[in-house]
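Each chain gets a letter, A, B and so on, in the order its sequence line appears, and its residues count up from 1. From a predicted model like this one, the values you see are computed outputs, not experimental measurements.
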There are 2 protein chains.
Amino acid sequence: MITSQPTCDKVTLVTDDCDRTTPAFAPHDHRACEARALDEAAGRLAEQGGRMTPVRRRTLEILLESHRAMGAYEVLDRLAAEGFGHQPPVAYRALDFLVEHGLAHRLQRLNAFAACLHPGHDHAPAFLICRACDKLAELPAAPVRTALSNLAAETGFAVERVTIEALGLCPACAEAGA
Amino acid sequence: MITSQPTCDKVTLVTDDCDRTTPAFAPHDHRACEARALDEAAGRLAEQGGRMTPVRRRTLEILLESHRAMGAYEVLDRLAAEGFGHQPPVAYRALDFLVEHGLAHRLQRLNAFAACLHPGHDHAPAFLICRACDKLAELPAAPVRTALSNLAAETGFAVERVTIEALGLCPACAEAGA
DNA sequence: GTTGACTTGTTATCATGTAACATGAAATGG
DNA sequence: CCATTTCATGTTACATGATAACAAGTCAAC
Ligand SMILES: [Zn+2]
Ligand SMILES: [Zn+2]
Ligand SMILES: [Zn+2]
Ligand SMILES: [Zn+2]
């Protein structure tokens with residue numbers, strides 16, 4: 001059980017294809033996206049001492065196939081079809097492991113999971129969820145989080161974890177709808 | 001089906017017992033809390049044309065008994081014990097109605113519902129959830145929401161609804177724990 | 001090579017949420 | 001006042017999401 005709290009929201013304006021302003025919504029080289037995430041994930045796990053087993057790797061790969069959140073049972077179906085176990089705990093354990101180690105996120109609003117797109121460092125982003133195409137983007141949420149913590153502090157409440165999930169329209173769908 | 005979006009986060013520094021800075025966490029005259037919420041709820045419904053039926057009223061009263069979020073089945077048990085229907089849709093319909101009309105909120109993180117404490121005007125607050133005592137407070141979230149919308153706008157994403165839920169320790173529990 | 005920690009798989013069960021349909025109350029309109 | 005229509009309430013049955021508890025296999029360390 002990993003107990004580290006998400007703390008870092010550094011806005012790393014890296015220069016590779018997938019991590020610019022609108023990673024998920026803009027067209028991009030998604031193969032690179034996947035590859036980099038897997039790579040960073042491996043590094044992250046090495047630091048933390050977690051073991052990247054077949055089920056876990058495959059689960060992460062499945063999540064990485066699209067910029068969408070997937071339900072646990074959807075993941076399970078995929079795993080089962082590929083020869084892994086057929087029972088819910090198989091999926092939930094793999095998913096929980098990925099979340100605990102910062103390689104995936106849980107979307108509270110959707111009861112679903114999504115791969116983290118830059119697991120290289122600990123972070124707790126806000127999520128933008130397109131209600132039309134279901135795509136999902138992470139947004140560095142440090143400013144937002146700080147604003148909330150300050151507000152809460154005025155009431156004496158000590159914020160530990162924050163869930164920020166926004167529903168709306170991605171650029172593509174907004175244009176299509178208009 | 002009500003389609004109005006939550007738009008107002010006015011910080012009304014009213015002078016009655018229950019609506020100060022820490023309505024839920026601080027000791028207060030909770031009878032007044034309930035009474036005022038029910039009263040405002042009635043007014044709100046009148047404006048919107050909704051009907052406050054027995055199940056709906058009772059559901060709201062049950063939610064108002066405490067500053068906690070309740071699961072739909074917990075509410076259902078109470079309703080059933082009082083002679084209302086025994087099946088899930090009974091609770092879900094009443095709860096959905098209350099949420100759609102701004103008289104209750106849904107807590108995504110908890111899969112649970114809570115009465116709105118000041119349903120007098122349309123609002124979409126942030127929530128502070130104490131992990132020790134389960135109590136819950138609403139926080140005017142306009143600044144936070146604005147910060148997020150601005151961030152999102154940079155990526156071309158049009159935010160429509162935002163879920164902000166913070167987990168942490170309320171003043172009382174923080175003191176007790178220390 | 002045996003111990004001990006961890007991983008994977010199972011069965012069974014619980015929790016949460018909806019679809020679809022039948023009945024009943026209430027507003028609407030002649 | 002009654003007919004029409006709309007909305008509310010109740011039901012059964014099912015879908016989806018999540019976990020507890022146990023058995024067996026894997027792997028590193030000593
Ligand atoms: Zn990508
Ligand atoms: Zn979209
Ligand atoms: Zn109160
Ligand atoms: Zn508390």
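When rounded to the nearest whole Å, the span between CD of B:Gln108 and P of C:dT16 equals 14 Å. If you take CZ of B:Arg109 and P of C:dT16, they are 16 Å apart, rounded to a whole angstrom. Here the P atom of nucleotide C:dG9 and the CZ atom of A:Arg56 are 11 Å apart, to the nearest Å. Atoms CG (B:Asp96) and C1' (D:dC7) sit 16 Å apart, rounded to a whole Å. B:Arg57 places its CZ atom 12 Å from the P atom of D:dT9, with the value rounded to the nearest Å.
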| request: Could you walk me through whether A:His105 and A:Val99 pass the side-chain contact (heavy atoms from CB on, under 4.5 Å) test, one step at a time? | output: CA-CA 5 Å; A:His105 299 290; A:Val99 170; 6.0 Å; no

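Distance from the side chain of A:Pro89 is smallest to D:dA20 among D:dA20, C:dT18, D:dA8. Of the candidate nucleotides D:dA18, D:dA8, C:dG17, C:dG17 has the atom nearest to the side chain of B:Pro88. Which of C:dG17, D:dT11, D:dA18 sits closest to the side chain of B:Val90 comes down to D:dT11. Nearest to the side chain of B:Gln87, among D:dA8, D:dT12, C:dT7, sits D:dT12.
Sequence order on DNA chain C of the closest nucleotides to B:Asn111 and B:Arg93 puts B:Asn111 first from the 5' end.
Distances shorter than 4.0 Å separate none of the side-chain N or O atoms of A:Arg51 from OP1 or OP2 on D:dC27. The shortest distance between the side-chain N/O atoms of A:Arg58 and the OP1/OP2 oxygens of C:dT8 is not below 4.0 Å.
If one axis is set at each end of the helix from C:dG1-D:dC30 to C:dG30-D:dC1 from five pairs, those axes are 30° apart, to 10°.
Classified by interplanar angle (parallel below 30°, tilted 30° to 60°, perpendicular above 60°), the ring pair A:Phe25/B:Phe157 is parallel.
Across residues 68-86 of chain A, A:Tyr73 each have a non-hydrogen atom less than 4.0 Å from an atom of DNA chain D (numbered order).
No side-chain heavy atom of B:Asn150 sits less than 4.5 Å from a side-chain heavy atom of B:Glu154.
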